[in-house]
Structures are given as structure tokens and as C-alpha cells.
Amino acid sequence: MDIEGFMNGKAPQTILTDQNMCLKEAIAMEMPAIKHAFCIWMIVAKFPSWFNANLGERYSVWKAEFYRLYNLESVEDFEQGWRDMVNSFGLHANRHIANLYNSRSLWALPFLRSHFFAGMTTIGQSMVINAFIQRFLSAQTRLAQFVEQVAFAVDFKDQTGEQQTTQQNLQNICLKTGAPMESHAVRILTPFAFSKLQEQLLLAAHYASFPMEDSFLVTYHTKTEGGRKVYWAPKEEIISCSCHQFEFSGILCRHALRVLSTGNCFQIPDMYLPIGWRRISMPSAKPLQSAPNDHAERVQQLQNMVSSLITESAKSKEKLDLAKEQVSILLSRIRAQPISLQGVRDMSTINRNF
């Protein structure tokens, strides 16, 4: 089946697969712009057969160290930690360790945090997704049949009260911080997304922020070294953290939330409440669903580019000034462009959904 035809001409931003080098080569050839990663759950599931006999009683200790390395934020820390792990456990000649290291950019979080995966590369989330998929999948299942079965299951849940359950969950949500940002977010985000943001809000209280020349340094309250750099432009409502959690999961990190709180920001900027994490009933979630596919594709492409522009521009005052200057010029040129009849129809369709 042609991938473009199946996806209405729209390619995904990211794709997760098994640790299969043939798939890796095919994806790189057919969809070079997509970020490809290996599903960590599928890798970890093979560990007992790979390492249990080799490591014996040390297997559990090695596995804990692997998880620690997997969750690191810094590529440099990962590289050093991996070398230390190989030396400590005497795994220099192990072919599985060599293969894992050679493909590290496809599964280790330090290499993936700048790409949006909605948290699906975490081991727990991968297990949940895998269990759901296994309900519909067998060696004889065709792709079209699989998609139809999944769609039917989702529709059935909606028809049997999924929306009522979601509404009940919203009513039962407990606010824990008393912060205005928490009260703002609970009205907009889905229960799942809000619970993830609430976790970060609670953790933010344990951090201190220190203004620097062009950013903030955010550290855990008991630590005097390390920390994360947060770039915050209040007028433009742009914020970016060196941990890249928002880019990776779509949820603002504790470091950014600490800076927003310190800066007397009482609402989370709209661009950091992604449409994918909002309740379906929110008006802002409708335009892309209701608009024609070609227009929705153009909007999505532009949103992706703007997101990258924001992340880079927020890193310094010089970058931000340059971005504002160039965007102003670009906006003037776009406004001067004539709009086709189809473009008017597309905009009319969107405006009716507000």
C-alpha cells in the first residue's frame, strides 16, 4: 500500500519500530524527513535471552544501570556512562552491547529528547500501547484490516460512554498546588495531560531559579552545581529549556514552570498547551479536524516550522531580534499575496468552527 495514499499525503513526524535494520533502511529511503526510533520496550524484552546467561547474578544490577543510562539527559554523560558500564561488567566482546551502542541514537533518550514522541518511548507507556495493539494483530493481519479494527475499537469506546467517563474524571481531578497556572491548565488539558503537567508543577516548587545575562539557571534546591538553562521572553511568551522535555513530550518541564512562576506568569502560554493534549470539546481543537485535508496539511507543516523557529529564537536576545525582524518582513510579503478561491473556502470552513 502506498504510504502517501494511506495517510492522505501526510507523513508522521516520528515513527517507532522494532530493532530492525531493514526497516531502518526502508524508512530512511522512503521517508527521510521522519525521525525514526526503536521502541525501547521491544529491546528490553530481549534482554533475558541476550544477557541473563552471560551476567548471571549481576544481570539485575546491569539492567538497573542500563535504565539509568537510558534516562540520562546529556549525550556526554551517556557516552561516559556507557564506557564505564562496559568496563565494569566486562562486556567489550558482547555483540548485543556493540549493536545497542551502534544504534544508540535510535533508542537512548539523550539522543531523542529534541523530537516529539508524546512520551511513547518510555518503557511503561510502550507496554500499554503494545498490549492494546496485540488485541488486533496477528501474522495474517493486513494493514488496512488492522487500522479498521483499531478505529472500530475507539469508536465503540466513545459509543459506550468514554466521553462521559472523561467528563467524570475532569470533575474528580484534585488541584494540589493552588497555583493559578494549575487552575488554568485543568480547564484546557485532558485528564492524562493535566496529570503529567501537575507532576511537573509539584516538582517545580523544589527548584530555585537564578537570572543570568540572557537566560535563567534552574537548579534543585539542595544542589549548587549543574542545573538547566531556561530562555524566557515574557513579551513574546516564549520559553525554552535545555532539558527539551516540551519538545519531547508536549508537556512543560519543572524548570520552565519554575521560571514562569518566578516571573509572575499566572497562565501557561497558549503555544505550550498543544492541541493534541487538549480536551476534544475545546474550540481550538476543531479547525484541523474540520478543515479539508490539504489545508490541514499546510497548517500542520507551518505549525511544525513555527515550533522550531520559537525554540531556536528563544535561546538568545540576538536570535530573537533577528527572528522578529525576518518574520515581520515575511508577514508583509504573505499579506501582499492574493488568496485563491479555494483558500477563501478553506478559511470559511475554519471560521465556522470557532
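Computed from a predicted model, the values in this text were never measured in an experiment. Every heavy atom of this structure was used, including side-chain atoms; hydrogens, water molecules and symmetry mates were not. Residue numbers start at 1 and run along the sequence shown.
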Quick check for you: to the nearest 0.5 Å, what is the distance between Arg258 atom CZ and Cys241 atom SG?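 The SG atom of Cys241 is 14.0 Å from CZ of Arg258, to the nearest 0.5 Å.
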
Let me confirm one number: the OH-CG distance from Tyr231 to Leu320, rounded to the nearest 0.5 Å.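 CG of Leu320 is found 13.0 Å from OH of Tyr231.
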
Tell me whether the rings of Phe246 and Tyr272 are parallel (<30°), tilted (30 to 60°) or perpendicular (>60°).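 Aromatic pair Phe246/Tyr272 classed perpendicular.
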
Once the angle between the rings of Phe47 and Trp62 is folded into 0 to 90°, is it parallel (under 30°), tilted (30 to 60°) or perpendicular (over 60°)?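 The rings of Phe47 and Trp62 stand perpendicular, inter-plane angle above 60°.
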
Should the pair Asp270-Arg278 be classified as a salt bridge under the 4.0 Å nitrogen-to-oxygen rule?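 Salt bridge present between Asp270 and Arg278.
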
Between the side chain of [X] and the main-chain N/O of [Y], is any donor-acceptor distance below 3.5 Å?
X: Glu182; Y: Lys176; result: yes
X: Trp107; Y: Leu100; result: yes
X: Ser88; Y: Asp84; result: yes
X: Gln200; Y: Cys253; result: no
X: Ser74; Y: Asp77; result: yes
X: Ser242; Y: Lys229; result: yes
X: Trp277; Y: Ser249; result: yes

For this output row, return yes or no: ring centroids of Tyr207 and Tyr220 closer than 6.0 angstrom.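 When the ring centroids of Tyr207 and Tyr220 are compared, they turn out to be within the sub-6.0 Å range.
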
Taking side chain to side chain donor-acceptor pair (under 3.5 Å) as the test, write out the residues that go with Glu73, two or more places apart.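 Arg228.
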
Can Asn87 and His92 be counted as having a side-chain donor-acceptor contact under 3.5 angstrom?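 Checked: Asn87/His92 side chains pair up, N/O donor to acceptor below 3.5 Å.
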
I'd like to check His184 versus Phe266 (side-chain heavy atoms, cut-off strictly below 4.5 Å). Are they in contact?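 Sidechains of Phe266 and His184: no contact.
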
State, yes or no, whether a side-chain contact exists between Lys35 and Leu112 at a heavy-atom distance under 4.5 Å.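 Yes - at least one pair of side-chain heavy atoms lies under 4.5 Å apart.
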
Sequence neighbours excluded - side-chain hydrogen bond (donor to acceptor under 3.5 Å, both in side chains) pairs with any residue from residues 18-27: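 Of all non-adjacent pairs touching residues 18-27, those that pass side-chain hydrogen bond (donor to acceptor under 3.5 Å, both in side chains) are Asp18-Lys46.
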
For Glu199, check side chain to side chain contact (heavy atoms under 4.5 Å, CB included) against everything at least two apart and list the hits.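 Side chain to side chain contact (heavy atoms under 4.5 Å, CB included) list for Glu199, sorted by chain: Lys196.
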
Would you kindly confirm whether Leu203 and Val218 end up in one hydrophobic cluster when ILVMFWY residues are joined by side chain heavy atoms under 4.5 Å apart?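 Hydrophobic grouping puts Leu203 apart from Val218.
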
Take Glu79 and Tyr101 through the side chain to side chain donor-acceptor pair (under 3.5 Å) test and state the conclusion after the steps. CA-CA 9 Å; Glu79 296 285 357; Tyr101 182 74; 2.7 Å; yes

